[in-house]
Amino acid sequence: QVHLVESGGGSVQAGGSLRLSCAASGLTGSCYVMGWVRRQPPGNEREVVASINNEGRTSYASAVKGRFTISKDNAKATLYLQMDSLKPEDTAMYYCAATRPGDIWYGPFDPTSYNYWGQGTQVTVST
């Protein structure tokens, strides 16, 4: 059974940094794609901000490119999101998500591509 647990969220002033972590279990081998997805204040759709595949290839949403960095440590089964130069519009609940080969794939920026989700960690950026 796949289990994803996020940590590292919090409150920070604009321009600051945070590092999110996602401890993963139940993902056998390294044949999976993982991503960070955020949902801004109630009513907004989920937005994939970054993804990384099993080869380490990364993709970023235009809103965060150059400010956020996704990485993973396979030995520790942990996914990271380094967030720098944070803006108030980055305020959201951030979720770790994963998918496996064989799952229906709509591309790295479609939230429905991901079938496994953590519980989320809140990031709040103030002016």
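Along the sequence shown, residues are numbered consecutively beginning with 1.
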**Asked** Can you check side chain to side chain contact (heavy atoms under 4.5 Å, CB included) on L79 and I52, steps first, answer last?
**Response** CA-CA 9 Å; L79 180 73; I52 186 167; 3.7 Å; yes

Shortest non-hydrogen contact from [X] toward [Y]:
X: M93; Y: G120; result: SD-C, 3.7 Å
X: N115; Y: T112; result: OD1-O, 4.4 Å
X: S51; Y: Y114; result: CB-OH, 3.3 Å
X: Y32; Y: T99; result: CB-O, 3.0 Å
X: A14; Y: T127; result: CB-CA, 4.5 Å
X: A24; Y: L4; result: CB-CD2, 3.6 Å

**Message:** For S17, give me all partners under side chain to side chain donor-acceptor pair (under 3.5 Å), at least two apart in sequence or on another chain.
**Reply:**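 Testing S17 for side chain to side chain donor-acceptor pair (under 3.5 Å), a comparison that skips the adjacent residues, returns D84.
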
**Request:** Report the residues that fulfil side chain to side chain donor-acceptor pair (under 3.5 Å) with Y94, sequence neighbours left out, ordered by chain and then residue number.
**Result:**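 So Y94 forms a side chain to side chain donor-acceptor pair (under 3.5 Å) with R38.
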
Distance from [X] atom [atom1] to [Y] atom [atom2], nearest 0.5 Å?
X: L18; Y: S11; atom1: CG; atom2: OG; answer: 8.5 Å
X: S113; Y: W105; atom1: OG; atom2: CH2; answer: 4.5 Å
X: S21; Y: E6; atom1: OG; atom2: CD; answer: 10.5 Å
X: C96; Y: L20; atom1: SG; atom2: CG; answer: 9.5 Å
X: Q40; Y: E89; atom1: CD; atom2: CD; answer: 8.5 Å
X: T121; Y: L81; atom1: OG1; atom2: CG; answer: 11.0 Å

**Heavy atoms from other residues, nucleotides or ligands near CD of Q119 exceed 12 (cutoff 6.0 Å)** =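 More than 12 heavy atoms, drawn from other residues, nucleotides or ligands, come within 6.0 Å of this atom.
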
**Message:** Any heavy-atom pair between the side chains of M83 and V123 that's under 4.5 Å?
**Reply:** yes

Treating [X] as the side-chain partner and [Y] as the backbone partner, does any N or O pair qualify as donor plus acceptor under 3.5 Å?
X: Y60; Y: I70; answer: yes
X: D103; Y: R100; answer: yes
X: T78; Y: K76; answer: yes
X: K72; Y: N53; answer: yes

**Request:** Hydrophobic side-chain clustering at under 4.5 Å (ILVMFWY, transitive links): who's grouped with Y80? Put none if nobody.
**Result:** none

**Message:** If you apply the rule side-chain hydrogen bond (donor to acceptor under 3.5 Å, both in side chains), what do you find for Y95 with R46, and how did you get there?
**Reply:** CA-CA 9 Å; Y95 299 89; R46 294 174 297 177; over 6 Å; no

